[in-house]
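Everything below concerns the one structure shown next.
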Amino acid sequence: MPTPRDPRPRSQQIAAELRADIMAGELVPEDKLPSNAALRDKYDVTNATVQHALAILKAEGFAYGRPGSGVYVGPAPMHTITPSDYAKPAEPGEQYRWTTEATTRGEVGKADLLEVGEVPASAEVARAFGVERGSPVVRRYQLLTLDDEPAELVNLYFPVEWARGTALTRARKIAGGTPALLAGMGREAVLFEDSLSARPATSEEYVRLDLPSEVPVLRTFRICMTANHQPVQCEVLVKAGNRRNIRYRWHGGI
């Protein structure tokens with residue numbers, strides 16, 4: 001069976017192959033990329049096409065140029081996030097669990113609270129909470145950053161019947177994050193269900209995350225439940241697909 005033809009411009013195809021090698025660890029930070037001449041010969045393209053391919057990688061943060069030397073893989077192009085870390089209350093002096101791995105590399109993570117209030121439940125949130133679509137739910141909307149660079153948009157949703165009047169409805173940060181607050185309320189989340197998808201960014205996501213052109217986002221819809229399977233929190237997490245790596249662990253036989 002003949003190989004299907006890739007209809008994308010050659011510059012995008014070349015960038016895609018180099019990007020795949022970087023994301024797989026075949027090319028690591030500070031590795032020098034093949035020279036323009038080598039890429040021209042390998043792909044049988046013009047110098048302008050090679051330059052455009054490298055410009056794509058530079059815009060996405062995967063590469064940078066050293067004048068007179070060449071183009072190199074950018075520092076720490078991928079941030080690995082372990083979803084199980086989200087569930088734990090923060091340690092003393094630790095703002096948010098999601099920054100744990102990044103901050104070991106010296107990066108500073110923080111969260112900016114964008115909006116807090118009641119909103120109509122979307123279809124997926126309504127299904128998770130067992131309420132009618134459009135019913136009010138409490139939402140906390142945040143932008144997470146690393147070294148002041150946008151990293152993730154977070155929407156947290158809670159049932160109104162017990163969230164109203166609590167710290168969840170106040171427009172200020174919660175010490176230890178929502179896991180600590182829920183645990184203190186006797187509603188500790190210990191079971192989690194994730195649904196992951198990739199898609200083009202919405203206009204708000206494109207602007208808030210300061211995305212390069214045409215970079216998709218990785219979207220996680222998470223249901224957080226108590227030991228008796230009661231949903232206490234839903235999360236919609238949106239990250240730039242070019243900079244985030246998600247790591248899951250599980251025991252065999254489960």
Side-chain angles (χ1 to χ4, degrees), residues 12 15-16 18-25 27-31 33 53-67 71-86 88 90-91 93-116 139-156 171-174 177-178 194 196-222 235-247:
Q12 291 184 16
L18 292 171
R19 186 190 302 111
D21 284 343
I22 294 170
M23 293 179 72
L27 293 168
V28 299
E30 304 308 322
D31 274 357
L33 296 181
L54 296 176
I56 293 172
L57 295 177
K58 291 175 183 178
E60 294 176 359
F62 283 109
Y64 71 99
R66 292 181 189 169
V71 179
Y72 293 78
V73 177
M78 298 298 293
H79 292 140
T80 298
I81 296 172
T82 305
S84 59
D85 286 344
Y86 282 68
K88 305 170 187 175
E91 300 290 344
E94 181 183 45
Q95 274 193 308
Y96 289 90
R97 272 278 174 179
W98 72 280
T99 64
T100 300
E101 181 163 334
T103 51
T104 62
R105 299 193 298 262
E107 294 169 300
V108 177
K110 68 176 183 177
D112 294 322
L113 194 58
L114 303 177
E115 294 178 20
V116 177
R139 180 182 76 149
R140 297 179 65 83
Y141 182 34
Q142 304 173 86
L143 172 65
L144 308 185
T145 62
L146 285 174
D147 282 352
D148 294 323
E149 294 290 329
E152 184 173 45
L153 283 170
V154 175
N155 278 287
L156 305 179
R172 59 173 180 259
K173 295 179 181 179
I174 297 172
T178 57
D194 280 12
L196 278 74
S197 58
R199 57 163 172 74
T202 66
S203 294
E204 179 168 3
E205 291 163 355
Y206 183 88
V207 173
R208 292 276 194 192
L209 294 174
D210 192 21
L211 297 175
S213 180
E214 302 305 320
V215 167
V217 294
L218 180 64
R219 181 183 188 270
T220 302
F221 178 70
R222 176 173 298 148
E235 305 177 4
V236 177
L237 314 171
V238 178
K239 312 168 185 64
N242 65 315
R243 301 305 300 273
R244 306 290 169 251
N245 184 47
I246 310 300
R247 177 172 56 204

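Start at 1 with the first residue, then count along the sequence.
Remark: L218 CG to L237 CG distance equals 9.0 Å, nearest 0.5 Å. Note that the CG atom of L27 and the CG atom of L33 stand 6.0 Å from one another [nearest 0.5 Å]. One distance of note links CZ of R222 with CG of L196; it measures 8.0 Å at 0.5 Å rounding. Separating the CG atom in L57 from the OH atom in Y72 is a distance of 15.5 Å, to the nearest 0.5 Å. Considering CG of D194 and CD1 of I246, their distance stands at 9.0 Å, rounded to 0.5 Å. Atom CD of residue E149 and atom CG of residue D210 lie 7.0 Å apart, to the nearest 0.5 angstrom.
Taking E115 as the reference, R139 meet the side chain to side chain donor-acceptor pair (under 3.5 Å) condition, with sequence neighbours excluded. Every side chain to side chain contact (heavy atoms under 4.5 Å, CB included) that V215 has, sequence neighbours left out, goes to E60, P212, N242.
Shown here for L209 and E152, the closest heavy-atom pair between the two residues is CD2-N, 3.8 Å. The heavy-atom pair separating F221 from V236 by the smallest distance is CD1-CG2, 3.8 Å.
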(Q) Does V217 form a side-chain contact (heavy atoms from CB on, under 4.5 Å) with L211? I'd like the steps, not just the answer. (A) CA-CA 9 Å; V217 294; L211 297 175; 3.8 Å; yes
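Checking T220, V154, L153 one by one against K239, the side-chain contact (heavy atoms from CB on, under 4.5 Å) holds for a single residue, T220.
Side-chain contact between R199 and E205: present, with at least one pair of heavy atoms (C-beta onward) separated by less than 4.5 Å.
Within 6.0 Å of CZ in R172 there are 12 or fewer heavy atoms belonging to other residues, nucleotides or ligands.
A donor-acceptor pair under 3.5 Å is formed between the side chain of K173 and the backbone N or O of A111.
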